[in-house]
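Structure, as C-alpha cells:
Naming convention: chains lettered A, B, ... in sequence-line order (proteins, then strands); numbering from 1 in each chain. All of these numbers come straight from a predicted model, not from anything done at the bench.
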There are 2 protein chains.
Amino acid sequence: MGEKRSYGQHCTVARALDVVGERWTLLVVRELSTGPKRYKDLLGGLPGIGTNLLANRLKSLAGEGIVSRGTLPPPAGSSVYELTSLGRSLEPVIVELSRWGAGLMDTPREGDDLRPGWAAVAVRSAMAREAAGGCSGTYELRIDGVAFHLRVGDGQADCVEAWQGSTPAPDLVVAGDAESFVAVASGKLSPEEAVESGALWAEGQEDQAALLAWCKRLVGRTAA
Amino acid sequence: MGEKRSYGQHCTVARALDVVGERWTLLVVRELSTGPKRYKDLLGGLPGIGTNLLANRLKSLAGEGIVSRGTLPPPAGSSVYELTSLGRSLEPVIVELSRWGAGLMDTPREGDDLRPGWAAVAVRSAMAREAAGGCSGTYELRIDGVAFHLRVGDGQADCVEAWQGSTPAPDLVVAGDAESFVAVASGKLSPEEAVESGALWAEGQEDQAALLAWCKRLVGRTAA
DNA sequence: CGGAATCCTCTTCGATACTG
DNA sequence: CAGTATCGAAGAGGATTCCG
C-alpha cells in the first residue's frame, strides 16, 4: 500500500514537510508539546480529526521517531503518547507558526473550538521571544481552571500541563480564561486592559504590578 | 465550491496552518523567498505541483495578502509574483523548518530534484542562527553557477537571487555545487572537508582561511 | 508563448460504525 | 478505551485545451 508521499526534493524545508507537513501532523505535535496524552485526550484536543487519521498520524510519527508510547507512572498506569527529543526539537517550528498566526487572530470565529492547552501554547510561544533576551522565571497558569507550569529561561520557554497539582514556589500564579490568554499573547488585548478589566488576574496575592509586568513581557514590550 | 477548509480552532498555530498549512503552500513561499518569480519559474522550482494547483495556491496566497503580483522593471517587464511584507514575515517559519529538516538530510535520495535556490535557502536558514549572535557580512554565493546575494546581520539573514549580476564588494565569493552547500548547511559535511576537498571554494581570491571561517559560521561552530 | 481553466484518475480525508 | 474497517466527499496530479 501507501508508499509515503514525498515532494522528491533534496531541500531541507521540503524534507521537513515530507515528515510533518501533512494535515493534522503538526497539531498532534502541538498537543503533545504540553505533556504526554492518551489517545482519547488527543482525540479530544483535535476536534474533527477522525480516529483513523489520528491512528495513522501517530503510527507515522512513531515510525519517524518523533513520538513514542509510554506508560504513565502509578497510579495512572495508562498508556500515553509523548514526544521524543526529536519531537521536542520541533518546538521552534511550533513557536514561529504560533507567532505568525498570532497576527491573524481576532475574536473567535463562529463555531471555533478553544482549549486551555492551545492558549498555553500561544503563551509559551510568545514568551520564547522574551526568553532569548535572558529573562527567566517560573509561573503557574490557570487557564479555565487547568493548571500549567511555565518556565522561562536560557533562551527558551517550557509549558506543560500540571496534572500533579502544585508548582513549587512559582514567581506568580496567573489565572483567566483561554480566550483572554490568547488575546493577550496575540497582542489583541493590551496588558493594561487585561489587568484592569479582570480578564487576567493574579491568584493568591494582590500583586497587580507583577501581573502587569508579566503581561508586558508576554507581548514583548519592555516593561518599566 | 470550496469553502476554505479550516481546523476550526481558536489557536495561533492552527490559524497559521489554516492559511499556509496546505500541501505545497510553504514551498511556494520558499520559492519566492529568494526573490520574485514568474509563473513559469515557480512551476520549474516546484516539480510535480501541477499547473492548476499552483494557480489555486497563488490565488489563495494573494487573497490572504501573502503574495502580490508585480511587474519587473525594464527590460524584463514580465509579470511576476512576490512576497508581501506579511509573506516575508513567514521567514522564521521557513528558517525553523529548514533547520529541523537539516537533521534529516543525508545524500540525495534516488530521483530527488535539487535546485540552486533550495541550497540558498538552506544556507540562509543556517546563517540565521549565527546572525542572532551579532555576526554580519555580505557574501556572494555561486551555486551551480547561479549567483545569490547573502547579507547577514542585525539578527537575520537575507539571501536573494542576483539576476542583476554583481554583488557590490562582497566580503567573500563562495562557489560550489548545490549538493555541497546543502551538505555543509546540514552539518553532514564538515567545513574542513568541504574546503580541503574543493567541494566549496573561494572565487577570485585564494583566501582559504576566510572560506573556512565562513563555513564554520554556517554550521554554527565558533571559528578561531 | 506565458498563464491559467478543464477533465479525469487516483489518493487522502472525514465521519460513522465496528472490533479487540 | 484504543484503535480498525468502511465508504462517500474532497483534494492532488497529470494531460490537454483555452485565452491573450
Side-chain angles (χ1 to χ4, degrees), chain A residues 1-9 14 17-28 31-32 36-63 67-72 75-82 111 113 163, chain B residues 1-9 14 17-28 31-32 36-63 67-72 74-82 111-113 163:
Chain A
M1 284 243 314
E3 271 304 303
K4 189 153 205 176
R5 189 190 286 193
S6 161
Y7 286 110
Q9 302 182 357
L17 292 173
D18 276 344
V19 177
V20 297
E22 286 179 306
R23 187 163 166 81
W24 291 108
T25 301
L26 278 173
L27 294 187
V28 173
E31 285 300 302
L32 295 177
K37 299 263 184 306
R38 290 171 303 178
Y39 190 87
K40 178 196 175 183
D41 301 325
L42 290 171
L43 277 179
L46 298 165
I49 192 179
T51 169
N52 58 343
L53 193 50
L54 176 57
N56 284 345
R57 291 292 182 268
L58 287 171
K59 214 170 294 178
S60 298
L61 286 168
V67 308
S68 64
R69 311 190 52 157
T71 306
L72 238 48
S78 43
S79 110
V80 293
Y81 293 89
E82 57 193 346
D113 284 290
W163 39 33
Chain B
M1 282 229 321
E3 270 303 302
K4 189 150 207 178
R5 188 191 282 189
S6 161
Y7 286 110
Q9 302 182 357
L17 291 173
D18 276 345
V19 176
V20 297
E22 287 178 306
R23 187 163 166 81
W24 292 109
T25 301
L26 278 173
L27 294 187
V28 173
E31 285 301 301
L32 295 177
K37 298 263 186 305
R38 290 171 302 178
Y39 189 88
K40 178 194 173 186
D41 301 326
L42 290 171
L43 275 179
L46 298 165
I49 193 179
T51 170
N52 56 344
L53 193 50
L54 175 57
N56 284 346
R57 290 292 182 267
L58 286 171
K59 211 171 297 177
S60 297
L61 286 168
V67 309
S68 64
R69 312 191 52 157
T71 305
L72 238 47
S78 43
S79 108
V80 293
Y81 293 89
E82 57 193 347
D112 269 11
D113 284 290
W163 39 32

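What separates CG of A/Leu42 from C1' of D/dG3 is a distance of 13 Å, to the nearest Å. Straight-line distance from the OH atom of A/Tyr39 to the P atom of C/dG20: 16 Å, rounded to whole Å. One interatomic measurement links the two molecules: CG of B/Asn56 to C1' of C/dG3, which rounds to 13 Å at whole-angstrom precision. Atom CG of B/Leu54 and atom C1' of D/dG13 are 13 Å apart (whole Å). Taking atom CZ of residue B/Arg23 and atom P of nucleotide C/dT12, one finds them 9 Å apart after rounding to whole Å. Atoms CG (A/Leu46) and C1' (C/dG14) sit 14 Å apart, rounded to a whole Å. For A/Leu43 and C/dG14, the CG to P distance is 13 Å, given to the nearest whole Å. Rounded to whole angstrom, the span from the CD1 atom of B/Ile49 across to the P atom of D/dA15 amounts to 15 Å.
Nearest-nucleotide assignment on DNA chain D puts the 5′-proximal partner with A/Arg38, out of B/Pro47 and A/Arg38.
Proximity of A/Arg57 to the phosphate of C/dC13: a side-chain N or O atom is located under 4.0 Å from OP1 or OP2. The side chain of A/Tyr7 places no N or O atom within less than 4.0 Å of a non-bridging phosphate oxygen (OP1 or OP2) of D/dG13. Of the side-chain N and O atoms in B/Trp24, one or more sit less than 4.0 angstrom from OP1 or OP2 of D/dG13. In this model, the phosphate group of D/dG3 is not approached by any side-chain N or O of A/Lys59 to a distance below 4.0 Å at OP1 or OP2. Not one side-chain nitrogen or oxygen of A/Lys40 sits closer than 4.0 Å to the OP1 or OP2 atom of D/dA2.
Listed for the A/Arg57 side chain is a donor-acceptor partner under 3.5 Å among the backbone atoms of A/Arg23. Using a distance-only test at 3.5 Å, with no hydrogens or angles considered, a donor-acceptor pair links the side chain of A/Ser60 to the main chain of A/Asn56.
The side chain of B/Arg5 approaches D/dA10 more closely than any other nucleotide in the set C/dA4, D/dT4, D/dA10. Of all nucleotides listed (D/dT4, C/dG3, C/dA5), C/dA5 comes nearest to the side chain of B/Ala55. In the set D/dT4, D/dT16, C/dG14, the nucleotide with an atom closest to the side chain of A/Leu53 is C/dG14.
A/Arg5 and A/Asp18 make their closest contact through O-OD1, 4.3 Å (heavy atoms, listed as atom of the first residue, atom of the second, distance). Scanning both residues, A/Val67 and A/Leu58, for their nearest heavy atoms gives CG2-O, 4.0 Å.
Residue-to-nucleotide contacts include no donor-acceptor pair under 3.5 Å from the side chain of A/Asn52 to the base of D/dG3.
Side-chain N/O atoms of A/Ser79 and A/Tyr39 include no donor and acceptor closer than 3.5 Å.
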